[in-house]
Each structure stands twice: as C-alpha cells, then as structure tokens.
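What follows is one structure encoded as structure tokens, with my remarks underneath.
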Amino acid sequence: MSKTIRLDHSFFIRDVLDVAPELPGKILQFRSNNEVKSYLITEVEAYRGEEDKACHASKGRTARTEIMYHKGGHIYVYLIYGMYWMLNFVTAEEGNPQAVLIRGLENLPGPGKLTKSLGIDKSFYGEDLVSSKRIWVEDHGNSPTISTSARIGIDYAGEPWVSKPWRFYIGKVESFR
DNA sequence: GGCACGATGTGA
DNA sequence: CACATCGTGCCG
C-alpha cells in the first residue's frame with residue numbers, strides 16, 4: 001500500500017503555479033462530529049498575487065485579504081454572492097499573496113456546493129492546514145492526468161488574466177460537468 | 001453612510 | 001435565462 005503523507009510547508013510555500021497543478025489527486029481530510037472523512041480533490045484554480053487582476057489581493061492588503069499575505073498553508077475563506085463560502089489554500093512565502101481556490105471534490109463538484117456540504121464557513125478563515133486537527137491535506141500517491149482551462153467567472157479581470165490557463169482539474173471528472 | 005458588485009447554484 | 005443574498009471595497 002502506498003504511504004500517506006500530510007502536506008506541510010514544503011508543499012504550500014512554493015509558487016501557486018507549482019502548487020495548484022499538484023492538488024487535484026490529493027486527499028482533503030475533514031473532521032466532523034469527531035469522524036474524519038476523506039475527499040479527493042478534483043478541481044482547483046490559481047490566484048497569483050497583486051498583479052493578477054482576478055486575485056482578491058489585486059485590491060491590496062485589506063482585512064479580507066490579510067491571510068493571503070501570510071506564509072503558505074493557511075486557509076482563506078470568503079463569502080460570494082451573499083450565500084456561498086469559497087475555500088482557498090494560501091501558497092508562497094510570507095508577503096507574496098497567492099491562493100488556490102478549491103473548486104471541486106469527488107462527488108461534490110462546485111466551490112459553493114462543497115463548502116456547504118462540509119460545513120465550511122468564515123470560522124475556517126486563517127486555519128492552518130499544517131497543524132489543524134479538523135482540516136488538512138494528504139498525498140496518497142495518486143498522480144492523475146491534469147487538464148487546464150481558463151478560470152471561471154472572472155471576465156471582469158480582463159486580458160491577459162481572463163485567458164491564463166490557471167484552472168487545473170482531473171479530466172475524467174470534467175467530462176460530465 | 002451608502003452603493004454596486006461578485007472566484008455560484010438552482011430552478012424555470 | 002433570472003435571481004437569491006450580503007460582505008467588501010470604494011466613494012463621499
């Protein structure tokens with residue numbers, strides 16, 4: 001059987017374009033009611049720093065984006081459309097605001113759907129994936145084929161950002177979305 | 001203080 | 001295609 005390893009700072013403190021493509025295939029471990037469940041990560045998107053107009057950090061350092069300026073491994077959560085919480089993993093070194101939006105888990109496609117199912121809300125803002133007892137990520141040795149496309153719902157960002165192929169997903173799953 | 005607008009999902 | 005629903009950034 002393959003060895004399972006909890007991802008630590010050596011994984012998250014890298015450029016988001018190195019981290020994001022490696023997340024589909026990894027396992028999100030989530031504790032609820034004192035029971036830990038495993039979820040295969042199937043789809044993510046990279047948001048890369050203040051220059052990336054689609055990244056919330058393009059507005060600069062604010063109360064909302066503060067956690068993105070911390071070192072990789074923390075969780076960034078925010079509310080969209082007044083009803084959906086979005087789950088993000090902060091990447092890169094301190095002072096470099098980058099994050100990966102978790103867009104889909106196996107059997108839970110959709111960034112708003114997965115947080116609703118798991119019960120993830122603002123209370124997870126700032127949580128540390130490296131030391132948390134209720135949410136973390138493991139490498140179970142999967143290495144799926146990754147497909148890419150432009151990011152979803154960021155038309156307002158304009159070129160070149162709207163065209164960057166920074167959405168990464170397991171192709172097989174994409175076929176029926 | 002007030003206002004416009006989303007890194008979405010659902011249902012018609 | 002319409003729309004629910006509210007925190008956040010920005011303007012004043």
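Lettering follows sequence order; numbering is per chain, from 1.
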What nucleotide among [options] has an atom nearest to a side-chain atom of [X]?
X        : options              : result
A:Leu79  : B:dT8, B:dT10, C:dG7 : C:dG7
A:Met86  : B:dT8, C:dT8, C:dC6  : B:dT8
A:Lys59  : C:dC10, C:dA4, B:dT8 : C:dC10
A:Lys113 : B:dT8, C:dT8, B:dT10 : B:dT10
A:Met83  : C:dT5, B:dA7, B:dG9  : C:dT5

Are OP1 or OP2 of [N] and a side-chain N or O of [X] less than 4.0 angstrom apart?
X        : N     : result
A:Arg64  : C:dG9 : yes
A:Tyr156 : B:dA7 : yes
A:Arg103 : B:dT8 : yes

> Out of curiosity, A:Thr91 OG1 to A:Leu17 CG, how far, rounded to the nearest 0.5 Å?
Replying inline: 8.5 Å
>> On DNA chain C, compare the nucleotides closest to A:Tyr81 and A:Thr65; which residue's is nearer the 5' end?
In response: A:Tyr81
Flag the pair [X] and [Y] as a salt bridge only when some basic side-chain nitrogen lies within less than 4.0 angstrom of an acidic carboxylate oxygen.
X        : Y        : answer
A:Arg151 : A:Asp52  : yes
A:Lys59  : A:Glu50  : no
A:Lys53  : A:Glu159 : no

Length of the line joining [X]:[atom1] and [N]:[atom2], which is rounded to integer Å:
X        : N     : atom1 : atom2 : answer
A:Glu66  : C:dT8 : CD    : P     : 13 Å
A:Leu114 : B:dA7 : CG    : P     : 16 Å
A:Phe168 : B:dA7 : CZ    : P     : 18 Å
A:Arg61  : C:dT8 : CZ    : C1'   : 18 Å
A:Leu108 : B:dG9 : CG    : P     : 11 Å
A:Glu45  : B:dA7 : CD    : P     : 10 Å
A:His56  : C:dG7 : NE2   : P     : 15 Å
A:Asp121 : C:dG7 : CG    : P     : 12 Å

> What does C:dT5 pair with, Watson-Crick or G-U, if both distances are under 3.5 Å?
Replying inline: none
> Taking any strand in view, what nucleotide pairs with B:dA7 in a Watson-Crick or G-U wobble way, both distances under 3.5 Å?
Replying inline: none
>> Looking at B:dA7 and A:Tyr47: do their rings stack (centroid distance under 5.5 Å, interplanar angle under 30°)?
In response: yes
>> Checking A:Tyr47 against A:His56 for the ring-ring contact (aromatic ring centres under 6.0 Å, His included) test, could you report, in this order, the C-alpha distance in whole Å, the side-chain angles of both residues, the deciding distance, and whether it holds?
In response: CA-CA 8 Å; A:Tyr47 288 88; A:His56 289 167; 7.3 Å; no
> Is the count of non-hydrogen atoms from other residues, nucleotides or ligands lying under 6.0 Å from A:Glu94 atom CD greater than 12?
Replying inline: no
What is the nucleic acid contact for [X], judged by heavy atoms within less than 4.0 Å: base, sugar-phosphate only, or nothing?
X        : value
A:Lys122 : sugar-phosphate
A:Arg151 : nothing
A:Leu101 : base

